[in-house]
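Notes follow the structure.
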Amino acid sequence: MSLPVLNIQIIDKKEDWKSLLDQVGYYDFYHTYDYHQLSKSAEEKPILIKYEENGNVIGLPLLLRKIFDTGYYDVTSVYGYAGPLHNNINGSFNNLEFVQQLTNFFIEKKVVSVFSRLNPFIANQEVILKGMGNLFPLSKIVNIDLTQDIDLQRSVFSKTTKRYINKSRKLCTVRLGESKEDISLFIKLYYENMDRVNAKKNYYFTEEYFDHFVKSSDFKTDVLFVTHNETGEVISAAMMVKTNDIIQYHISGTRNDYLYLTPIRLLIDEMRIKGTAENYRYFNLGGGLGGSDDSLFRFKSSFSKDFKDFKIWKYIVNPQVYDQLVKEFSGSNKDTDFFPVYRQPKSN
């Protein structure tokens, strides 16, 4: 006997996806159809769960995937800052009906577990998800408040960051990339960065990925380049993604020979000045790699002390099946923060 699902609709077509985003009004590029298509792996299907109740609309974008060769599924979020979207929902929203219907939907579709990263700039995500699994603070992210005057923004820069920016401005010029050749140049810089840090293979995005990214109509991407005035060489570049009043520092690359200049500081400074003039509100630099206090986080926090909480959502819908899957697939190490545990890579 199937469970009743009254107010839930599954969206997987671009025009319907875009319609829901227009309906809720406020979202980030991580919530868009195009980014989901660019981010999904071969075995993942992007879905947008739409829920309506008394004029309230909730949209929950996820990636649906089969659990190995079982008859079960789980869902995860795209890499970045996702989570639920909504209109007309404030802190007093009673989510009991939403919780019941979403849980019924997951059970009906044989979804065992849910994982999603949340977005620090979307209000009341925790109100919507309350009572389903658990929310965990993972780290802090660094935001530059673009509603402040640009001189006030700069006043909190560290002395080191100010010094490097001043030096770079004397030696370099920043320009906006627009041509196909610029994208090829950016890819080379980005790959050089990935080689230097011994990045995993999945971080080496294809040329098609970059081409579709900058051409997407779902969000606007600024690709900024730093050129060394004396040599005429492009030494650094970054992709900054704009949606509504949010700018996200996405990915970047710097030539090894010019790392001593840290020209990425100049790119960040240029984007925050440009973003302020264009009336954006947030400029998210992101967080650290290994936690909230690693060297990457300390670099980013040299620009701002406006820290936001980055949280994740974990929900075990079917504990009995979940435990069976853990027993069958997780190997010996079950005491782990990896979620879901049954997908934890087995140690050799």
Side-chain angles (χ1 to χ4, degrees), residues 1-12 16-17 19-21 23-28 30-31 36 44-67 71-78 81-138 309-326 337 339-343:
M1 179 178 175
S2 63
L3 295 161
V5 177
L6 302 176
N7 301 326
I8 283 185
Q9 176 187 352
I10 299 305
I11 293 172
D12 58 9
D16 298 327
W17 198 300
S19 178
L20 186 144
L21 295 186
Q23 192 174 1
V24 301
Y26 196 73
Y27 56 90
D28 208 336
Y30 303 103
H31 298 98
H36 276 73
E44 293 172 336
K45 178 185 178 181
I47 60 170
L48 178 58
I49 298 174
K50 180 180 181 180
Y51 172 82
E52 293 186 84
E53 176 192 331
N54 300 326
N56 291 318
V57 175
I58 296 173
L60 181 60
L62 294 164
L63 297 171
L64 178 69
R65 55 192 182 175
K66 192 171 184 181
I67 303 175
Y72 295 100
Y73 297 82
D74 56 18
V75 287
T76 188
S77 67
V78 289
Y81 307 96
L85 301 166
H86 61 88
N87 69 343
N88 301 328
I89 286 178
N90 56 35
S92 64
F93 174 66
N94 183 342
N95 74 336
L96 290 179
E97 185 65 22
F98 172 67
V99 170
Q100 185 63 58
Q101 291 210 26
L102 186 60
T103 300
N104 286 348
F105 167 78
F106 284 143
I107 291 171
E108 186 179 65
K109 299 299 181 184
K110 295 188 175 181
V111 171
V112 176
S113 68
V114 182
F115 173 85
S116 181
R117 302 167 183 88
L118 302 187
N119 190 305
F121 307 108
I122 306 292
N124 297 312
Q125 287 190 326
E126 293 180 52
V127 174
I128 291 168
L129 299 175
K130 182 181 177 182
M132 285 186 289
N134 295 287
L135 298 170
F136 299 92
L138 196 63
D309 288 327
F310 174 43
K311 296 182 179 181
I312 56 174
W313 173 40
K314 300 178 181 180
Y315 180 28
I316 298 174
V317 182
N318 191 327
Q320 184 178 356
V321 173
Y322 183 89
D323 290 343
Q324 290 173 358
L325 293 168
V326 169
D337 289 333
F339 186 86
V341 174
Y342 53 78
R343 285 193 183 270

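Between the H31 side chain and the G83 main chain, a donor and an acceptor come within less than 3.5 Å of each other. Within the 3.5 Å criterion, the main-chain N or O of S113 finds no donor-acceptor partner in the side chain of Y72. The main-chain N or O of N119 is found under 3.5 Å from a side-chain atom of Q125 such that the two form a donor-acceptor pair. Listed for the N95 side chain is a donor-acceptor partner under 3.5 Å among the backbone atoms of K130.
Scanning all heavy atoms of the two residues, the minimum distance from G59 to P61 falls at O-CD, 3.6 Å. Smallest separation of non-hydrogen atoms from Y27 and I122: CA-CD1, 4.1 Å. Taking all atoms of both residues into account, the shortest heavy-atom contact from E52 to N7 is O-CB, 3.1 Å. For Y26 against F121, the heavy-atom pair with the smallest separation is CE2-O, 3.4 Å.
Residues Y51 and L102 have side chains not in contact (no heavy-atom distance under 4.5 Å, counting atoms from C-beta outward). Using a 4.5 Å cut-off on side-chain heavy atoms (C-beta onward), N318 and F106 make no contact. Side-chain contact between P84 and L129 is present, with heavy atoms from C-beta onward closer than 4.5 Å. Residues N88 and V57 form no side-chain contact, since every pair of their non-hydrogen atoms from C-beta on lies 4.5 Å or further apart. The closest side-chain heavy-atom distance from D74 to F115 is not below 4.5 Å. Contact annotation: the side chain of R343 never approaches that of L325 to less than 4.5 Å [non-hydrogen atoms, C-beta and beyond]. The shortest distance between side-chain heavy atoms of V112 and P340 does not fall below 4.5 Å.
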Candidate pair D337 and F136, rule side-chain contact (heavy atoms from CB on, under 4.5 Å), full reasoning: CA-CA 11 Å; D337 289 333; F136 299 92; over 6 Å; no

I10/F105 under side-chain contact (heavy atoms from CB on, under 4.5 Å): CA gap, chis, key distance, verdict: CA-CA 10 Å; I10 299 305; F105 167 78; 3.2 Å; yes

CA sep, side-chain torsions, deciding dist, call: V317, I107, side-chain contact (heavy atoms from CB on, under 4.5 Å): CA-CA 7 Å; V317 182; I107 291 171; 3.8 Å; yes

E108 vs N104, side-chain hydrogen bond (donor to acceptor under 3.5 Å, both in side chains): CA-CA, chis, key distance, verdict: CA-CA 6 Å; E108 186 179 65; N104 286 348; over 6 Å; no

Test log, rule side-chain contact (heavy atoms from CB on, under 4.5 Å), inputs N124 and F93: CA-CA 9 Å; N124 297 312; F93 174 66; over 6 Å; no

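A tilted orientation is assigned to the rings of H36 and W17, their planes being inclined by 30° to 60°. The aromatic rings of Y30 and Y81 sit perpendicular, their planes meeting at an angle over 60°, well past the 30° parallel limit.
Put simply, CD1 on I128 and CH2 on W313 are 10.0 Å apart, with the number rounded to the nearest 0.5 Å. With rounding to the nearest 0.5 Å, the separation of NZ in K45 from CG in L63 is 12.0 Å. In this structure, the separation between CG on N87 and CD1 on I89 is 7.0 Å, given to the nearest 0.5 Å. The CG atom of L62 sits 5.5 Å away from atom CD1 of I47, with the distance rounded to the nearest 0.5 Å. The structure places CG of L118 at 6.0 Å from CG of L135, a figure rounded to the nearest 0.5 Å. For the atom pair CD1 (I58) and CD (E53), the distance works out to 7.5 Å, reported to the nearest 0.5 Å.
For the pair K109 and Y73, the cation-pi test (distance below 6.0 Å, angle within 45°) is failed.
A salt bridge between D16 and K50 is absent, with no side-chain N of the basic residue lying under 4.0 Å from a carboxylate O of the acidic one.
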